Visitor: 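Attaching a single structure in structure tokens format; questions to follow.
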Amino acid sequence: FICIMDLEFGSFLWNADKERANIDKHGVSFSEASEGFRDPELKIFIDEAHSVREERYFCIAKVGNKILTIRFAYRGRKVRIFGAGFWRKGKKYYYEK
């Protein structure tokens, strides 16, 4: 696991193998994904479809000039990132009030 400290939001944690797979599949590193949590317009949703063993979430955030969807869970005071991608569907949710 890799842990990145971010003084504004807390700590981020992820599996390096999952990060490499995410980069190959979606072109997004989890370090880049953690930047989404700085977005003041960040929107967080419960991921009911994947909340079997633990409550999971996904958020929609702007990173640079793109809208990023990030899948994650809270592990104590850490944010465990599972996946991230620039999916077109995320734009719809980001710009809804």
Side-chain angles (χ1 to χ4, degrees):
F1 288 94
I2 295 173
C3 188
I4 301 287
M5 295 303 293
D6 178 323
L7 298 176
E8 287 182 41
F9 196 78
S11 307
F12 294 87
L13 149 74
W14 58 78
N15 179 292
D17 292 334
K18 283 198 67 97
E19 180 186 36
R20 278 190 292 281
N22 198 80
I23 292 168
D24 290 345
K25 188 172 183 179
H26 302 294
V28 180
S29 73
F30 291 166
S31 178
E32 182 179 15
S34 70
E35 292 297 316
F37 288 87
R38 295 178 188 266
D39 180 357
E41 300 295 320
L42 171 80
K43 296 189 174 155
I44 298 176
F45 304 89
I46 294 173
D47 185 355
E48 293 177 8
H50 297 100
S51 292
V52 177
R53 286 184 240 148
E54 68 182 342
E55 193 147 307
R56 291 193 175 188
Y57 303 87
F58 67 94
C59 66
I60 313 290
K62 191 175 256 188
V63 175
N65 61 353
K66 294 182 179 178
I67 304 301
L68 182 65
T69 302
I70 308 156
R71 295 185 328 272
F72 68 98
Y74 293 108
R75 300 268 172 92
R77 296 180 54 106
K78 292 181 170 54
V79 174
R80 170 73 161 57
I81 298 175
F82 299 110
F86 292 106
W87 294 296
R88 284 175 280 157
K89 194 193 251 185
K91 277 186 182 181
K92 178 181 120 180
Y93 294 107
Y94 185 81
Y95 291 110
E96 281 181 359
K97 294 294 175 194

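Please read all numbers here as calculations on a predicted model, not as lab measurements.
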Visitor: Less than 4.5 Å apart, any side-chain heavy atom of F86 and any of H26?
Guide: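 A side-chain contact under 4.5 Å is absent here.
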Visitor: Are the charged groups of E54 and R56 less than 4.0 angstrom apart, N to O?
Guide: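 Counted as a salt bridge, because a side-chain N and a carboxylate O are separated by less than 4.0 Å.
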Visitor: With sequence neighbours left out, write down each residue that passes salt bridge (charged side-chain N to carboxylate O under 4.0 Å, His left out) with R71, or none if nothing qualifies.
Guide: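 Residues passing salt bridge (charged side-chain N to carboxylate O under 4.0 Å, His left out) with R71: none at all.
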Visitor: Would you say I23 and W14 are hydrophobically clustered, going by side-chain heavy atoms of ILVMFWY under 4.5 Å?
Guide: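 No, no single cluster joins them.
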Visitor: Mind checking whether F12 and V28 sit in one hydrophobic cluster, side chains of I, L, V, M, F, W, Y counted as touching below 4.5 Å?
Guide: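 Both belong to a single hydrophobic cluster.
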Visitor: Looking only at heavy atoms, what is the nearest atom pair of A61 and L42, with distance?
Guide: CB-CD1, 3.6 Å
Visitor: With sequence neighbours excluded, tell me which residues meet side chain to side chain donor-acceptor pair (under 3.5 Å) with D17.
Guide: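 Per chain and number, D17 pairs via side chain to side chain donor-acceptor pair (under 3.5 Å) with R20.
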Visitor: Taking only residues two or more places apart in sequence, or in another chain, which ones meet F58 in a ring-ring contact (aromatic ring centres under 6.0 Å, His included)?
Guide: F45
Visitor: Rounded to the nearest 0.5 Å, what separates atom OG in S29 from atom CD in E35?
Guide: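 Between atom OG of S29 and atom CD of E35 there are 9.0 Å.
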Visitor: Please name the pair of heavy atoms, one in Y95 and one in I67, separated by the smallest distance, quoted to 0.1 Å.
Guide: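 Closest pair (atom of Y95, atom of I67, distance): OH-CD1, 3.9 Å.
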Visitor: Looking only at heavy atoms, which two atoms of N15 and R80 are closest? And how far apart?
Guide: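 N15 and R80 have their closest heavy atoms at CB-NH2, 3.9 Å.
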Visitor: For residues K62 and D39, report the shortest heavy-atom separation together with the two atoms involved.
Guide: N-OD2, 2.7 Å
Visitor: Under 3.5 Å, side chain of K43 to main-chain N/O of I60, donor-acceptor pair present?
Guide: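 No; judged by distance alone, with no hydrogens or angles, the pair does not exist.
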Visitor: Classify the angle between the aromatic ring planes of F37 and F72 as parallel (below 30°), tilted (30 to 60°) or perpendicular (above 60°).
Guide: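 It falls in the perpendicular class, over 60°.
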Visitor: Taking the six-membered ring for Trp and the single ring otherwise, decide whether the centroids of F82 and F30 are under 6.0 Å apart.
Guide: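 They do not qualify: ring centres at least 6.0 Å apart.
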Visitor: Is I81 close to L13 at the side-chain level, that is, under 4.5 Å between some pair of heavy atoms?
Guide: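 They are not in side-chain contact.
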